[in-house]
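Down below is the structure, laid out as structure tokens.
Bear in mind the structure is a predicted one, so any value in this text is a computation, not a measurement. In listed order, ligands and their atoms are each counted from 1.
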Amino acid sequence: MTVRRAAELLATARQGLALTGAGVSAESGIPTFRGEGGLWTKYDPVKVSSIESFLADPAAYWRVSKERGSIALAARPNPGHEALAAMEAAGRLAAIVTQNTDGLHQDSGSTHVIELHGSGRMVQCLECGSREARADVQRRLDTEMPPHCRSCGSIFLKPTVVLFGEPMPAAALNEAFELARQTDVMLVVGSSLVVYPAAEVPLLAVQSGALMIVVNAEPTPFDRFAEVVIHGRSGEVLPEIGRLISG
Ligand code: NAD
Ligand code: ZN
């Protein structure tokens with residue numbers, strides 16, 4: 001039984017580590033990028049999500065981001081997020097490294113969350129550096145397109161997420177790699193594992209001797225390196241693993 005084996009590994013983990021991707025939030029109603037129904041079956045990612053296109057035309061960026069933002073801001077954690085938070089509280093996971101920018105891990109009670117791609121909850125002015133809650137900017141998008149900085153009037157107001165062509169936050173990346181070197185059980189959830197350097201986290205963990213568990217709706221390129229592979233929905237599989245750990 002793969003679910004039972006996953007629970008056994010986590011129950012005895014000295015320092016468990018999770019890496020999550022868009023799939024963990026799919027059951028909260030946030031579309032993934034790749035995979036069935038993924039956003040990139042609708043949009044060209046480099047066109048809508050690169051720093052170059054943002055700088056060339058902030059309004060075009062915000063028109064697409066407006067729809068996505070209203071979904072993400074209204075989303076609530078699902079049983080998958082909750083199961084991960086419970087695993088951390090029970091000492092089975094030391095941290096969650098996430099590629100998501102939706103803040104749902106924190107909402108579900110996880111405390112040690114490393115955001116590799118930034119946070120969609122804040123917006124920052126590229127000219128004066130002032131920050132504002134995304135929710136406040138979201139409210140004025142109906143009448144203000146593109147939105148302007150409240151402090152300096154600039155139109156270069158950008159969510160604090162990492163766009164294509166932007167560097168990853170170095171401190172978060174270093175911390176993620178350090179945790180990957182130390183972990184003995186690496187749990188990967190809802191990630192296609194094709195975006196680097198995020199995908200290097202589980203690779204480094206396995207190379208450093210960790211056993212890996214993959215929970216994903218579809219096969220991933222790393223399945224062959226995993227001790228346990230479960231193809232299923234994280235909102236169903238993770239609570240099941242959680243019940244077996246505590247039971
Ligand atoms: P991805 O879209 O590339 O892959 C998602 C994976 O999750 C797919 O393999 C899919 O089969 C799987 N999946 C879908 N529904 C699932 C479910 N219910 N349970 C388990 N697995 C499920 O996502 P990724 O690997 O995170 O790609 C990285 C990029 O996506 C990052 O740049 C990240 O910032 C961005 N992203 C973030 C969000 C968010 O914040 N929620 C949403 C979409 C994309
Ligand atoms: Zn400004």
Side-chain angles (χ1 to χ4, degrees), residues 18-43 45-46 48-50 58 65 68-69 71-73 75-81 83-84 97-107 113 115-121 123-132 134 137 146-166 168-169 172 187-199 201-202 213-223 229-240:
L19 173 78
T20 64
V24 81
S25 294
E27 287 157 82
S28 294
I30 302 178
T32 58
F33 278 177
R34 299 168 193 81
E36 214 185 312
L39 271 181
W40 292 349
T41 53
K42 283 205 283 181
Y43 301 108
V46 178
V48 300
S49 282
S50 71
S65 184
R68 210 177 144 64
I71 295 170
L73 288 171
R76 305 305 316 148
N78 67 57
H81 296 107
L84 290 171
V97 175
T98 188
Q99 301 168 81
N100 297 344
T101 57
D102 55 35
L104 293 180
H105 285 305
Q106 292 90 330
D107 286 353
V113 182
E115 294 177 311
L116 290 183
H117 295 162
S119 167
R121 295 273 173 92
V123 167
Q124 185 165 30
C125 173
L126 297 185
E127 302 217 53
C128 77
S130 75
R131 289 158 74 98
E132 220 186 315
R134 165 72 191 241
V137 175
H148 290 65
C149 172
R150 280 289 184 259
S151 305
C152 76
S154 166
I155 57 162
F156 296 107
L157 206 54
K158 190 186 88 61
T160 55
V161 298
V162 178
L163 297 182
F164 284 98
E166 284 192 297
M168 309 264 296
L187 171 64
V188 180
V189 186
S191 175
S192 58
L193 293 175
V194 297
V195 176
Y196 287 83
V201 170
I213 303 163
V214 175
V215 177
N216 202 59
E218 297 167 323
T220 79
F222 289 4
D223 286 5
V229 178
I230 303 170
H231 290 148
R233 290 154 66 91
S234 51
E236 293 162 10
V237 175
L238 294 178
E240 237 183 283

### Message
Looking at non-hydrogen atoms alone, which of Arg233, Glu115, Glu27, Arg68 comes nearest to atom 43 (C) of ligand 1?
### Response
Arg68
### Task
Report yes or no: does Ser28 have a heavy atom closer than 4.0 Å to ligand 1?
no
### Message
Quick check against the 3.5 Å criterion: does Asp102 have a side-chain atom that pairs as donor or acceptor with the backbone of Ile30?
### Response
no
#### Entry: Backbone of Arg131 reached by a side-chain donor or acceptor of Gln124 within 3.5 Å
no
#### Entry: Option whose closest heavy atom lies nearest to atom 8 (C) of ligand 1, chosen from Asn216, Leu104, Asn78, Thr32
Asn216
### Query
Which of the numbered atoms in ligand 1 are below 4.0 angstrom from a heavy atom of Glu218?
8 (C), 9 (O), 10 (C), 11 (O)
#### Entry: Lys/Arg-Asp/Glu bridge criterion (N-O < 4.0 Å) met for Glu166, Lys158
yes
### Message
Closer than 4.0 Å to some heavy atom of Gly21 - which atoms of ligand 1 meet that?
### Response
26 (O)
#### Entry: Heavy-atom pair of closest approach, residues Ser28 and His81
OG-CE1, 3.6 Å
### Task
For ligand 1, find out whether one of its N or O atoms is nearer than 3.5 Å to an N or O atom of Ile30.
no
### Val195 contact mode with ligand 1 (heavy-atom cut-off under 4.0 Å)
side chain
### Query
Is ligand 1 under 4.0 Å from a heavy atom in the side chain of Pro31, in the backbone, in both, or in neither?
backbone
### Task
Check whether any N or O atom of His117, backbone or side chain, sits under 3.5 Å from an N or O atom of ligand 1, and answer yes or no.
yes
### Beyond-backbone contact of Leu104 with Pro77, side-chain heavy atoms, under 4.5 angstrom
yes
### Message
Show the atoms of ligand 1 that are less than 4.0 angstrom away from any heavy atom in Gly190.
### Response
5 (C), 6 (C), 7 (O), 21 (N)
#### Entry: Those atoms of ligand 1 less than 4.0 Å from some heavy atom in Ser25
41 (N)
### Task
Pick, from Val194, Asp102, Val188, Val189, the option with the minimum heavy-atom distance to atom 39 (C) of ligand 1.
Asp102
### Summary
Closest heavy-atom approach to atom 20 (C) of ligand 1 among Gly235, Gly232, Ala26 is made by Gly232
### Query
Would a distance-only check, ignoring hydrogens and angles, find a side-chain to backbone donor-acceptor pair under 3.5 Å from Asn216 to Ser191?
yes
#### Entry: Side chain His231, main chain Val229, donor-acceptor under 3.5 Å
no
### Query
What's the shortest heavy-atom distance between Pro159 and Leu157, and which atoms?
CD-O, 4.2 Å
### Minimum heavy-atom distance Leu193-Pro202, with the two atoms named
CD2-CG, 3.9 Å
### Query
Where the Zn ion (ligand 2) is the centre, what is the SG-to-SG angle for Cys152 and Cys128, rounded to 10°?
110°
